[in-house]
Structures are given as structure tokens and as C-alpha cells.
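These notes are about the structure you will find just below.
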Amino acid sequence: MVVHVALTGATGFLGLRLLRRLLATHRSVTVLVHAGSGDALHRITRFFELTGAPGAFTAGLADRLRVVETELERPRLGLSGSAFRELADGLGAIWHSAGSINLEGDLPELRRTNVEGTRRVLELAAAGRGRPVVHHVSTAFVAGGRRGGVAYEDELDDAYGFENAYEHSKYEAEMLVHAWSREHARPVVVLRPSILVTDLPPHPELPSHPLQVVERIMCDARRTAGTDGPDRDGRPRVRLVGHPHGRLNLLQVEHAAEVMVRLADRTPSGGVDTYHVVHDRDVPVPTVVALLERLVPVSIELVATEPDDPSALESLLEFYPGLTAYLAHRRRFDDTRVRTLLGPSAASDRVDLDYLCSGLAVRDRVPAGPPGAPATDSLTLPPS
């Protein structure tokens, strides 16, 4: 049976990898893109060209992709009634990957994209005669502010609060998904990836990824603060609250997309099936600290509590809880369900400092100039 698939967020960091996997098993895919965002087909084609896809494959994309411009935050996705019904009736599965990962955003802003966008996608699923299965991309970090212990796939509560508004908005989106599934007696597959990374160097025609956001925050704070604060080896010392035995879960984005699409081939239970799409080995916090020190000319010291006499740079970084809070995390994400279904193939290749540096082109850096100087990085993709 031919199942036609729609995908939101197809031009994003994860969405492009999901699209690659979906095109491997589906003759065509409908991509729901933000109205007015530019030539989505061109951006998708450039991604495949830059990542080494065969010429025949990229040449055929125009015939295999149906691009529909939508507004996720509006009723009927901003479409006319007839266009919305036609779209809904033609779908057998919907992948909702679009969303904002803005760690600096406030909750009302993030709700508009992450919660209301999910609401509108669920409306599309409910309107279709084919009763399409919904695959909702969430995040493992709906576990919120609990920094130790084990986070299980079936857990979803706000008892520990949240490290930032992004986590909160994704929690609310998942709550919406559960309510919709109960109301309509429909299956939903919830996929919770951890922090997604790549070893593909940045390129102006490729979407940014979470660690590039962290890099920008660190660099902006460093330039704004200047050289204020104690020095160590010629670098400003930055005291950040963190645990020397802490760990973060970082997963290769290509592996995440592969696991997600393979899980989608499973027959859903009829309710909400939730999967932690995570690495089987966490990255130690000291490795993350070493990465940050390579990105920005600072010396980071992990401390148990916030300093009483913060420097200008330390004060600036405290405004970005999405960056600093995770250095204190020691929790583990349980993925027993995924490993049981996929077996040894659920395991991931190692993510280490060299891998992370490759994805941020650290080796290509020209030595940093004084604070406030223009960036002089030269970033290039390796030959494909």
C-alpha cells in the first residue's frame, strides 16, 4: 500500500536528514514549508548537492517533492478551506519536525511556534479521511530541570520545572499530543532526540545546528564583555556552575533520522508511543568544556555555586540558561524500548571532541583578534 507522507521542517537541520530517509522509502513527499521563506526546493536541492547525493537523485527532486507553503501558527495552516481539505485527504502519515530551538526565546514566543504549530498539524491530521499517523518530533529535554537520575520514555510531568522556555514549550506540545490522541482515539509516535550534532563543517547554504547557537552566544558574550575578569594563561577566566562528573547526551543527526524512520515502520499501539532517540554513551561535561574553550578564548572553571563577584562575562552568560544549566546535568535517558526494537543497530558511533570540533570547523579558525574585531573564520566543506 502506498502511503503518502507530509513533512514539516524539511529545510531544517534534522528535517533535511529525515527527508533523505523518507525519500529512500517513499516515491514522493509533501513538504510543508513556511510561506514566504524563500525557495525551499532550491535549499533542499543544495543540501543534497553539498552532502554528496548523486546527480540523478538531485535532478529528480522536483518531480518527487510537492512543496506547499503554509503558516503553522494559523488555522488551516493559512490555507483556504478547499486546499486544506485536499491536503488532509491525501495523507497517510504526517511528520512534524518544524519548531523553534531558540534557547534565548521567551515562553509566549516559543509557544506560538512549538505549541500552536503542533496544534495546527494535529488539526490537519484530524481533518483527513485517511486518518494519517502522526510522528511528532519532541526532545528528550522535556524531562526538564531534573539534573540527576534516569528519565524514562513514558514520563511526562513538570514537577522539576524547566531549564528554559524551549523545554517548557516542547513539554506543552507533548501534552497537547496526548490530549489529541485520547480525544480522537488515534495513534501518535513521539520521538525524543537528545542534542543533535554533526561533523559536517558549517556552510552558508546549510542550516545551523544547536552547537552553533551555543558558539554564537559564547562569542557574542565574549565580545560584549571585553577583557573584564581574572585571567588565566592570557584568557579571561569564566566560572560556570557545573559538575566535573556531569554528562550530556549528544547524538549524530544522521543516526537520529535513521532511527526515527525505522521506528516509524513499526505498527503503532493505538495510543501515544514515545521513544528516546539518544546516544548509548553520554559525553562527559569536561569534553564539552574543552570544546567551548576551543571555540572562544576563555578558560572555564566549573564551580558548585554561582560566584558572589561575577565578572561582566560571567554575568552575561547567566542570561542564557539554555547554555550554562546543562553543565550540571548527570541524568541518563533510558532508551530500553528503542534498543529492544532495533537491537545492536540502535548503538551509535562515538561522539568525541574531534567529532564536535569538525562540526564547528574549529581546525579552520584563524586566531581570534581582540574583542569587537570582525570574525575572520574561513569555513569550507570537504570535497564530497
Side-chain angles (χ1 to χ4, degrees), residues 101 103-104 139-153 155 158-168 170-171 192-197 209-215 217-218 221-222 232 235-252 256 276-296 298-308 310-311 313-335 347-357 359-360 362:
I101 60 169
L103 298 180
E104 305 159 69
T139 173
F141 289 83
V142 294
R146 178 176 52 181
R147 298 183 174 184
V150 180
Y152 293 95
E153 290 162 308
E155 292 179 329
D158 58 356
Y160 295 90
F162 300 95
E163 300 286 18
N164 49 59
Y166 165 71
E167 292 183 353
H168 196 161
K170 295 297 282 186
Y171 162 81
R192 291 180 181 167
S194 56
I195 300 170
L196 299 180
V197 294
H209 57 81
L211 288 185
Q212 285 179 270
V213 176
V214 172
E215 176 186 24
I217 290 172
M218 291 287 293
R222 174 71 176 88
R232 177 182 293 171
R235 292 172 164 231
R237 180 175 59 129
V238 178
R239 295 161 295 179
L240 296 179
V241 175
H243 199 288
H245 301 300
R247 54 181 180 260
L248 280 173
N249 198 278
L250 309 178
L251 179 66
Q252 301 95 332
H276 276 157
V277 182
V278 298
H279 204 292
D280 46 297
R281 288 157 289 177
D282 294 321
V283 174
V285 161
T287 299
V288 178
V289 168
L291 176 67
L292 296 177
E293 290 181 333
R294 289 197 187 185
L295 292 174
V296 187
V298 296
S299 177
I300 295 174
E301 177 185 348
L302 296 178
V303 295
T305 58
E306 293 180 13
D308 295 328
S311 67
L313 179 54
E314 290 167 341
S315 295
L316 278 171
L317 290 175
E318 282 304 312
F319 280 105
Y320 303 107
L323 165 64
T324 57
Y326 297 122
L327 298 178
H329 279 216
R330 289 187 291 162
R331 69 186 175 200
R332 180 176 66 85
F333 297 107
D334 179 73
D335 64 338
S348 312
D349 291 335
R350 181 173 178 172
V351 171
D352 56 17
L353 184 57
D354 286 341
Y355 180 96
L356 298 173
C357 286
L360 292 164
V362 172

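Residues meeting the salt bridge (charged side-chain N to carboxylate O under 4.0 Å, His left out) test with R147, sequence neighbours left out: E163.
Panel note: side chain N249, backbone H279; a donor-acceptor pair is recorded below 3.5 Å. In terms of modelled atom types and a separation under 3.5 Å, the side chain of R281 and the main chain of S348 share a donor-acceptor contact. Of the possible donor and acceptor atoms, one in the side chain of R247 sits under 3.5 Å from a partner among the backbone N and O of R330. Distance alone, capped at 3.5 Å, places no donor-acceptor pair between the R192 side chain and the H276 backbone. A donor-acceptor pair under 3.5 Å is formed between the side chain of E293 and the backbone N or O of I300.
Here the closest non-hydrogen pair linking A221 and L316 is O-CD1, 3.5 Å. A pairwise comparison of heavy atoms in C357 and R294 identifies SG-NH1, 3.5 Å as the closest pair. Closest approach of R331 to F141, counting heavy atoms only: NH2-CD2, 3.0 Å. Residues N164 and Y326 come closest through the heavy atom pair ND2-OH, 3.0 Å. Across every non-hydrogen atom of F162 and G144, the tightest pair is CD2-CA, 3.7 Å. Across all non-hydrogen atoms, the minimal contact from H329 to R146 is CE1-O, 4.5 Å.
Checked options E314, E301, E306; the residue passing with R239 is E314 (criterion: salt bridge (Lys or Arg N to Asp or Glu O under 4.0 Å)).
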Worksheet item: For L250 and I195, what are the C-alpha separation, side-chain angles and deciding distance, and is it a side chain to side chain contact (heavy atoms under 4.5 Å, CB included)?
Response: CA-CA 5 Å; L250 309 178; I195 300 170; 3.4 Å; yes
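Here R350 contributes atom CZ and L353 contributes atom CG; the two are 10.0 Å apart, rounded to the nearest 0.5 Å. For the atom pair L240 CG and L302 CG, the distance stands at 7.0 Å (nearest 0.5 Å). Here the CG atom belonging to L360 is positioned 4.5 Å from the NE2 atom belonging to H209, to the nearest 0.5 angstrom. To the nearest 0.5 Å, the span separating CG on L291 from CE on M218 amounts to 9.5 Å. Atom CG of L356 and atom OG1 of T287 lie 8.0 Å apart (nearest 0.5 Å). Interatomic distance, CD1 of I217 versus CG of L292, reported as 10.5 Å (0.5 Å rounding).
No more than 12 heavy atoms of other residues, nucleotides or ligands lie within 6.0 Å of CG in D349, so this atom counts as exposed by the packing criterion.
Within the 4.5 Å cutoff, side-chain heavy atoms of R222 are placed close to those of P236.
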